[in-house]
Novice: 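Below: one structure in structure tokens.
All of these numbers come straight from a predicted model, not from anything done at the bench. Order of the sequence lines fixes the chain letters, A, B, ..., with proteins taken first and strands second; residue numbering starts at 1 for each chain.
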2 protein chains.
Amino acid sequence: MTVTLADVAAHAGVSPATVSRVLNGNYPVAEATRERVLQAVDELDYVLNGPASSLAAATSDLVGILVNDIADPFFGIIAGAAQNAIGACASGRAGGEKLAVVCNTGGSPERELMYLTLLQRQRAAAVVLTGGSYDDPEHLAATATKLARLSEAGTRVVLCGRPPVPGDATATTLAFDNRGGARKLTEHLLSLGHRRIALIMGPERYTTTRHRLDGHRAALAAAGLGDVPTVHGLYDRASGYEATRELLRRAPDLTAIVAASDTVALGACAALRDLGLSIPGDVSVTGFDDLPFAIDASPALTTVRLPLQDAGRRAGLLAMGTGDVPAGGLTTVEAELVVRESTAPPRA
Amino acid sequence: MTVTLADVAAHAGVSPATVSRVLNGNYPVAEATRERVLQAVDELDYVLNGPASSLAAATSDLVGILVNDIADPFFGIIAGAAQNAIGACASGRAGGEKLAVVCNTGGSPERELMYLTLLQRQRAAAVVLTGGSYDDPEHLAATATKLARLSEAGTRVVLCGRPPVPGDATATTLAFDNRGGARKLTEHLLSLGHRRIALIMGPERYTTTRHRLDGHRAALAAAGLGDVPTVHGLYDRASGYEATRELLRRAPDLTAIVAASDTVALGACAALRDLGLSIPGDVSVTGFDDLPFAIDASPALTTVRLPLQDAGRRAGLLAMGTGDVPAGGLTTVEAELVVRESTAPPRA
DNA sequence: TTGAAAGCGTTACCAT
DNA sequence: ATGGTAACGCTTTCAA
């Protein structure tokens, strides 16, 4: 029925082993034989049987990239960059192509574990976890265990913008400086003269949320300010919308709002619009580079994308183990918040 | 080293065959045996070997969802919906999960074919193609052939918002009415009084671009208007930005611009901002529901999401072959453009 | 209801 | 440089 490697071998007048070697390009094969085999492959329209190959080799060419929300461009950019980087790693099996795929956890710990199990089942070559994680001891332990199993089985683990796993040295970690980023962002707002600032943060039990909150508070404390109005929500547009209305109800005289992400900021802007507040002027929202008040829209976009793509590229390369690993093994890039500063003027 | 099915069998005091049956839940197994096996699985922390399973069964639980641009929320929403739908198909027992993954083609025909080959190699259970395709005879033929091969090999093929493949009856098609949508959108702008309209379209050789262009022209012709300023670009933000500057250079008195997608519209707005044109007032941009001039922001969001999610849900279900297929076998949903009407007033 | 055994298509080791 | 051939771990008839 379907064409097998043996068929190709017969057609080319060589042994299956030789065909395998040609396809994988790992062992030396005479140029003449090589061409004959390749031609046979072409003529028979042969496609390697992945499962069989993976079974025999005890590894597959699948790379899973886990994201919290596939509808959020933030993760899209990271995932795309990682996918490109991985695709560029033309090394390994037949054709060298890795199958880089994106898995959407929806921010659910259960789904995350499910995907990890599914990838483990596939004997994935690597898994890349992106974004913060739910800061629950039980889930953290379960994840740590699962990642350890994956490592043992030969799957490379990469953490991108996600805190390192406590007792694990095998995972490659690409950390974002959420705390430092949040601090700088807040300092920036303060330097612009803002004093009545509010925060729309992510879910309370998220690692990124905690770290950023630390940073915000540090900056505020240094400026002699105490706690500011804060609302916790999801990293989505609806949360930004609701949070903003809630914040302005509680503190109508705000001059600046910090949103947890671009998508959240979009919702915040929609709320301001609905409330009849213009932007800029009455209230500034920081966190998104595509809004009217962002002075340097184009440069900002570049600024945002470069570090992220670079992060993705590195994550991809590290995932493949082909190199370029900084000496420390741990890279820190600017927090996303930092590169999205808004320079909107305070109200008065 | 790693735990195998045989190990589980030994631990449970049954044969490998029985373990397999329990795991797949396809054959009747005595309840007592079943529990014993499940317990052994648990105790040994056994994870099925996907490749081996796929090899023996000649099929895998992998479902590939191909998108043109993973950083575009439009595709993110579709992909997420499809993934949810597929995940919800908990057909069997602990082994019933499908591995729904997203592949980013970047709009490149070559990458699309590469991913299809990679999925074919994996003996994927299904592939879902989303969005328009490059309208080149050679590429179309290559894709058609590849999809035919996939079908033959037992992989279900679903086209979501993508034109049907000419000589193919096996693929499930979920079509978007791009032509009708574009027509209605244009009519809407005309009914608001706009006469100086410009178009930012996608790549010229894209199927969706052609169909939409047809619709726009039909509406314009019916209103006694001839060709309007038109620029072709990619479906991304930068294109929207450049195209808008170009259009306003050519026709400074425009009152409305139709963008090819939300992302393109974002770029258009950035350009207007940089040119010192306020929104709304001087120029209206249609195509995005998150901008200040969109009157009914929240309802619009709902309106947008429901049909898309529904589309995704159906695509997923069809992909799994579990049902709910409309009698005709072919479903038509509103074009994305239609549900994103803007009601911004014309300039004067 | 359960067990035994024959594949499934590659890879990799061992010869040659 | 190439061929022969055991694995690889599971599914699935066929028997019992």
Side-chain angles (χ1 to χ4, degrees), chain A residues 1-38 40-41 44-62 92-95 120-123 125 153-154, chain B residues 1-38 40-41 44 46-62 92-96 120-123 125 153-154:
Chain A
M1 204 57 171
T2 55
V3 182
T4 73
L5 190 145
D7 297 332
V8 176
H11 194 81
V14 298
S15 77
T18 301
V19 177
S20 176
R21 290 195 265 258
V22 169
L23 260 30
N24 290 310
N26 294 331
Y27 288 86
V29 174
E31 186 53 30
T33 333
R34 219 185 84 84
E35 295 206 347
R36 208 140 38 85
V37 169
L38 252 25
V41 167
L44 296 180
D45 201 19
Y46 169 71
V47 175
L48 188 73
N49 183 315
S53 172
S54 298
L55 171 58
T59 177
S60 82
D61 51 8
L62 199 129
R93 338 177 67 74
Q120 178 184 15
R121 182 178 296 180
Q122 300 294 333
R123 301 302 188 256
Chain B
M1 207 56 167
T2 53
V3 182
T4 73
L5 189 146
D7 297 332
V8 175
H11 195 82
V14 297
S15 78
T18 301
V19 178
S20 175
R21 291 196 262 257
V22 169
L23 258 29
N24 290 311
N26 295 331
Y27 290 85
V29 174
E31 186 54 29
T33 332
R34 220 186 82 84
E35 295 208 347
R36 208 140 39 85
V37 169
L38 252 24
V41 166
L44 297 180
Y46 170 70
V47 175
L48 188 73
N49 183 317
S53 172
S54 298
L55 172 59
T59 179
S60 82
D61 51 8
L62 219 185
R93 283 306 308 163
Q120 178 184 15
R121 183 179 293 180
Q122 300 293 333
R123 302 300 187 259

Novice: Rounded to whole Å, please give me the gap between CZ in B:Arg123 and P in D:dT11.
Specialist: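 Atom-to-atom, B:Arg123 to D:dT11, this comes out as 17 Å.
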
Novice: Expressed in angstrom and rounded to an integer, what is the separation of B:Leu48 atom CG from D:dC8 atom P?
Specialist: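 Answer to the nearest Å: 17 Å.
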
Novice: Looking at A:Ser54, does any N or O in its side chain come under 4.0 Å of the phosphate oxygens OP1/OP2 on D:dC8?
Specialist: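 No, outside the criterion.
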
Novice: For D:dT11, does either OP1 or OP2 sit under 4.0 Å from a side-chain N or O belonging to B:Ser53?
Specialist: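 B:Ser53 to D:dT11 OP1/OP2: side-chain N or O found under 4.0 Å.
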
Novice: Whether the side chain of A:Ser20 engages the backbone of A:Pro16 through a donor-acceptor N/O pair (distance < 3.5 Å, no angle test) should be reported.
Specialist: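 Flag not set: sc A:Ser20 to bb A:Pro16 has no pair under 3.5 Å.
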
Novice: Taking any heavy-atom pair under 4.0 Å as a contact, classify A:Ala30: base, sugar-phosphate, or nothing.
Specialist: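 Sugar-phosphate contact only - A:Ala30 comes under 4.0 Å of backbone atoms but never of a base.
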
Novice: Think A:Ser15 has a side-chain N or O under 4.0 angstrom from the OP1 or OP2 of D:dG4?
Specialist: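 No, outside the criterion.
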
Novice: Does A:Thr4 make a side-chain N or O approach to OP1 or OP2 of C:dG9 shorter than 4.0 Å?
Specialist: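 It does not, given that no N or O in the side chain of A:Thr4 lies less than 4.0 Å from OP1 or OP2 of C:dG9.
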
Novice: Should B:Asn24 be listed as having a side-chain N or O under 4.0 Å from OP1 or OP2 of D:dT11?
Specialist: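 Yes.
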
Novice: D:dT12 C1' sits how many Å from B:Leu5 CG, rounded?
Specialist: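 Going from B:Leu5 (CG) to D:dT12 (C1'), I get 13 Å.
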
Novice: Which listed nucleotide (D:dT2, D:dG9, C:dA12) is nearest to the side chain of A:Ala57?
Specialist: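 Selected nucleotide (nearest to the side chain): C:dA12.
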
Novice: Does any N or O donor sit under 3.5 Å from an N or O acceptor when you compare the side chain of A:Arg21 with the base of D:dG3?
Specialist: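 By the distance-only test, yes, there is a pair.
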
Novice: Looking at A:Ser20, does any N or O in its side chain come under 4.0 Å of the phosphate oxygens OP1/OP2 on C:dT11?
Specialist: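 Indeed, a polar side-chain atom of A:Ser20 lies that close.
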
Novice: Have a look at B:Val19 and say if it touches a base, only the backbone sugar-phosphate, or nothing, with a 4.0 Å heavy-atom cut-off.
Specialist: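 Counting heavy atoms under 4.0 Å across all strands, no contact is made by B:Val19.
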
Novice: Rounding to an integer number of Å, can you tell me how far A:Asp61 CG sits from C:dT11 C1'?
Specialist: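 These atoms are roughly 14 Å apart.
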
Novice: Return the OG1 to CG distance between A:Thr2 and A:Leu44, rounded to the nearest 0.5 Å.
Specialist: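 Reported to 0.5 Å precision, the distance equals 12.0 Å.
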
Novice: Go nucleotide by nucleotide along DNA chain C from the 5' end; which of B:Thr33 and A:Pro16 gets its closest nucleotide reached first?
Specialist: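 Taking each residue's closest nucleotide, the earlier one in sequence belongs to B:Thr33.
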
Novice: Just by distance, do the side chain of A:Thr59 and the backbone of A:Ala125 share a donor-acceptor pair under 3.5 Å?
Specialist: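 It does not hold such a pair.
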
Novice: Are any side-chain N or O atoms of A:Arg36 and backbone N or O atoms of A:Ala12, one a donor and one an acceptor, separated by less than 3.5 Å?
Specialist: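 Side chain of A:Arg36 to backbone of A:Ala12: a pair is present.
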
Novice: Output the distance between atom CG (A:Leu55) and atom CG (A:Asn49), rounded to the nearest 0.5 Å.
Specialist: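 If we round to the nearest 0.5 Å, A:Leu55:CG and A:Asn49:CG are 9.5 Å apart.
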
Novice: Could you tell me how far apart A:Tyr27 (OH) and C:dA12 (P) are, to the nearest whole angstrom?
Specialist: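 Spelled out: OH on A:Tyr27 to P on C:dA12 is 6 Å.
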
Novice: Could you grab the distance from atom CD of B:Gln122 to atom OG of B:Ser54, nearest 0.5 Å is fine?
Specialist: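 One gets 8.0 Å once the value is rounded to the nearest 0.5 Å.
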
Novice: Closest nucleotide of DNA chain C for A:Val47 versus for B:Glu31: which of these residues is on the 5' side?
Specialist: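 It is B:Glu31, whose closest nucleotide lies nearer the 5' terminus.
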
Novice: To the nearest Å, give me how far apart CG (B:Asn26) and P (C:dT2) are.
Specialist: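 These atoms are roughly 15 Å apart.
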
Novice: Students often get this wrong, so: under 4.0 angstrom with heavy atoms, is B:Ala58 touching a base, only sugar-phosphate, or nothing?
Specialist: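 No contact.
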
Novice: For the pair made of CG in A:Asn49 and C1' in D:dG9, what is the distance, rounded to whole Å?
Specialist: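 It is 14 Å, rounded to the nearest whole Å.
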
Novice: Can you measure A:Gln122 atom CD to D:dC10 atom P for me and round it to whole angstrom units?
Specialist: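 Spelled out: CD on A:Gln122 to P on D:dC10 is 13 Å.
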
